[in-house]
Amino acid sequence: MIRLAIQKSGRLSEDSLKLIRECGISFISTSSKLKTEATNFPLEILFLRDDDIPGYVADGVADIGIVGQNVLVEEGLQQLSVKNLGFSKCRLSLAVSKGDTYTDVTSLQGKNIATSYPNLLQEFLTSKGVQADIHTISGSVEIAPSIGLADAVCDIVSSGSTLISNGLREVETVFKSEAVLIANQNLDVEKNRLLQQLLFRMEAVQKAQKSKYVVLNAPNSAIPQIKPLLPGIKSPTIIPLAEEGWSSLHSVVNEDDFWDIIQKLKEAGAEGILVVPIEKMIG
Ligand code: ATP
Ligand code: MG
């Protein structure tokens, strides 16, 4: 049995649960429970405050966990990181009051900065040769300037709308973060085998999310032009249509190049293009 720690409730919770389910693991979760066991995989899930997850994994209370890189690095436990998970993307930014003059990071010299991430902030300021007074508070950082507690803040941002609604202006990115899978560094052979199984499944899920299955019809004369646009996993599948002189082509396309390829396919004479999501992708 392997023990996984995830956030009980917050910005990481929903996507963490979704990832476990997409790995084909079933479990019953009720919001009041602090732990649950999967029904079809030797996995126990612990629901914790996100700040506690790196420490619990480092100590072996949990074997593996899902947490934001911001919290992991703030706590000095980045060596536990195993895999970036691509969700809960955000950044730790410095912001000043909208009306304040700000030229560059040296404008913060000698200022009071409120944050919940004193270590990440200190490291950033040191790297820039700036000295400031860091005021560590655990929440509601963004109101600090308006109540006279600080001159600037260093806080988590995704869209930036919370900063704007508090009369703040984002001026520097201190750290970029996303969710990561972390693991205890002394897992026994059996737990390590289970971790490798989970990683294999996560990779299949991630690859599938980045890919689309494309089906289209084309006159045979257009195939030489279309084929190089659809490299697929090995090469596209080409099947003759019932209508003489036409074929159906099937392939896998990467999400990043998707619209570009669709445009070129149309120009090359493709018709009836279907785009289908892929659930899992192996190899
Ligand atoms: P807890 O009660 O578990 O301590 P919390 O209030 O400290 O929760 P959340 O606000 O739920 O934490 O954020 C958890 C993590 O999600 C953050 O550490 C960060 O990695 C990420 N995160 C925070 N805000 C955002 C956002 N606006 N968009 C995307 N990800 C975010
Ligand atoms: Mg927290």
Side-chain angles (χ1 to χ4, degrees), residues 3-22 29-36 44-59 61-95 113-124 134-145 149-150 152-183 202 206 209:
R3 263 189 167 180
L4 166 72
I6 63 170
Q7 190 187 23
K8 180 164 168 44
S9 101
R11 304 256 190 189
L12 291 158
S13 311
E14 199 179 310
D15 284 339
S16 300
L17 290 171
K18 189 165 141 243
L19 176 63
I20 302 163
R21 291 211 163 92
E22 282 168 346
S29 77
T30 53
S31 55
S32 60
K33 264 185 131 179
L34 296 179
K35 64 177 190 177
T36 189
E44 185 175 47
I45 306 171
L46 304 183
F47 300 95
L48 302 171
R49 290 283 307 271
D50 71 337
D51 318 62
D52 296 333
I53 293 174
Y56 278 16
V57 171
D59 295 345
V61 176
D63 302 307
I64 56 176
I66 296 175
V67 72
Q69 286 166 322
N70 52 318
V71 169
L72 187 68
V73 178
E74 176 64 24
E75 296 182 13
L77 291 169
Q78 53 272 32
Q79 66 274 17
L80 304 181
S81 178
V82 173
K83 180 174 181 52
N84 290 6
L85 297 174
F87 59 83
S88 296
K89 285 193 175 170
C90 58
R91 58 193 183 274
L92 184 66
S93 288
L94 277 159
I113 310 175
T115 188
S116 305
Y117 297 91
N119 296 327
L120 286 172
L121 176 57
Q122 185 60 64
E123 196 176 315
F124 175 81
I134 298 177
H135 200 99
T136 306
I137 52 179
S138 60
S140 304
V141 171
E142 64 282 355
I143 62 158
L149 188 68
V153 300
C154 176
D155 202 6
I156 295 291
V157 180
S158 61
S159 70
S161 58
T162 309
L163 290 181
I164 293 168
S165 64
N166 283 285
L168 298 171
R169 178 162 64 100
E170 191 176 347
V171 290
E172 303 284 344
T173 302
V174 171
F175 187 82
K176 284 195 176 136
S177 180
E178 64 182 83
V180 277
L181 182 76
I182 58 173
M202 284 178 188
Q206 282 185 339
Q209 280 166 351

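In what follows, every heavy atom counts, from backbone to side chain, and hydrogens, waters and symmetry copies are set aside. Counting starts at 1 for both ligands and their atoms, following the listed order.
Counting atoms of ligand 1 from 1 in the listed order, those under 4.0 Å from a heavy atom of Ser158 are 26 (C), 27 (N), 28 (N). Those atoms of ligand 1 with a heavy atom of Gly68 less than 4.0 angstrom away are 20 (O). Numbered from 1 in the order shown, with element, the atoms of ligand 1 that lie under 4.0 Å from a heavy atom of Val71 read 18 (O). Residue contact check: Ile156 has heavy atoms under 4.0 Å from atoms 23 (C), 24 (N), 25 (C) of ligand 1. Distances below 4.0 Å separate heavy atoms of Lys89 from the following atoms of ligand 1: 28 (N), 29 (C), 30 (N). Close contacts between ligand 1 and Gly10 involve ligand atoms 11 (O) [criterion: under 4.0 Å to a heavy atom].
Val174 approaches Cys154 most closely through the heavy-atom pair CG2-SG, 4.1 Å. Summarising the geometry of Ala183 relative to Ile64, their closest heavy-atom pair is CB-CG2, 3.8 Å, with the distance given to 0.1 Å. Heavy-atom minimum distance, Glu178 versus Gly86: OE2-N, 2.7 Å. Between Ala114 and Val141, the closest heavy-atom pair is O-CG1, 3.4 Å.
Residues Tyr117 and Ile156 form a side-chain contact, since some pair of their non-hydrogen atoms from C-beta on lies under 4.5 Å apart.
When the Mg ion (ligand 2) is compared with the N/O/S atoms of Asp51, atom OD1 turns out nearest. Note on Asp50: its N/O/S atom closest to the Mg ion (ligand 2) is OD1.
Here the protein heavy atom with the shortest distance to atom 17 (C) of ligand 1 is Asn70 ND2, 3.7 Å. Looking from atom 21 (C) of ligand 1 to the surrounding protein, the closest heavy atom is Cys90 SG, 3.9 Å. The protein atom (non-hydrogen) at minimum distance from atom 14 (C) of ligand 1 is Asp50 OD2, 3.4 Å. Scanning all protein heavy atoms for the shortest distance to atom 12 (O) of ligand 1 gives Gln7 NE2, 3.6 Å.
One finds the CD1 atom of Ile45 at 10.0 Å from the OG atom of Ser16 (value rounded to the nearest 0.5 Å).
Side-chain atoms of Asp50 never come within 3.5 Å of backbone atoms of Val67 as a donor-acceptor pair (strictly under, hydrogens ignored). Listed for the Ser177 side chain is a donor-acceptor partner under 3.5 Å among the backbone atoms of Gln69. A side-chain donor-acceptor contact under 3.5 Å links Ser116 to the backbone of Ile137.
By the criterion of a heavy-atom distance under 4.0 Å, both the backbone and the side chain of Arg49 are placed next to ligand 1.
Less than 4.0 angstrom separates atom 3 (O) of ligand 1 from at least one non-hydrogen atom of the protein.
For Glu142 and Thr162, the side-chain atoms include no donor-acceptor pair closer than 3.5 Å.
Between Gln69 and ligand 1, no pair of N/O atoms sits closer than 3.5 Å.
Nearest-heavy-atom check against atom 13 (O) of ligand 1 across Glu178, Arg11, Arg91 picks out Arg11.
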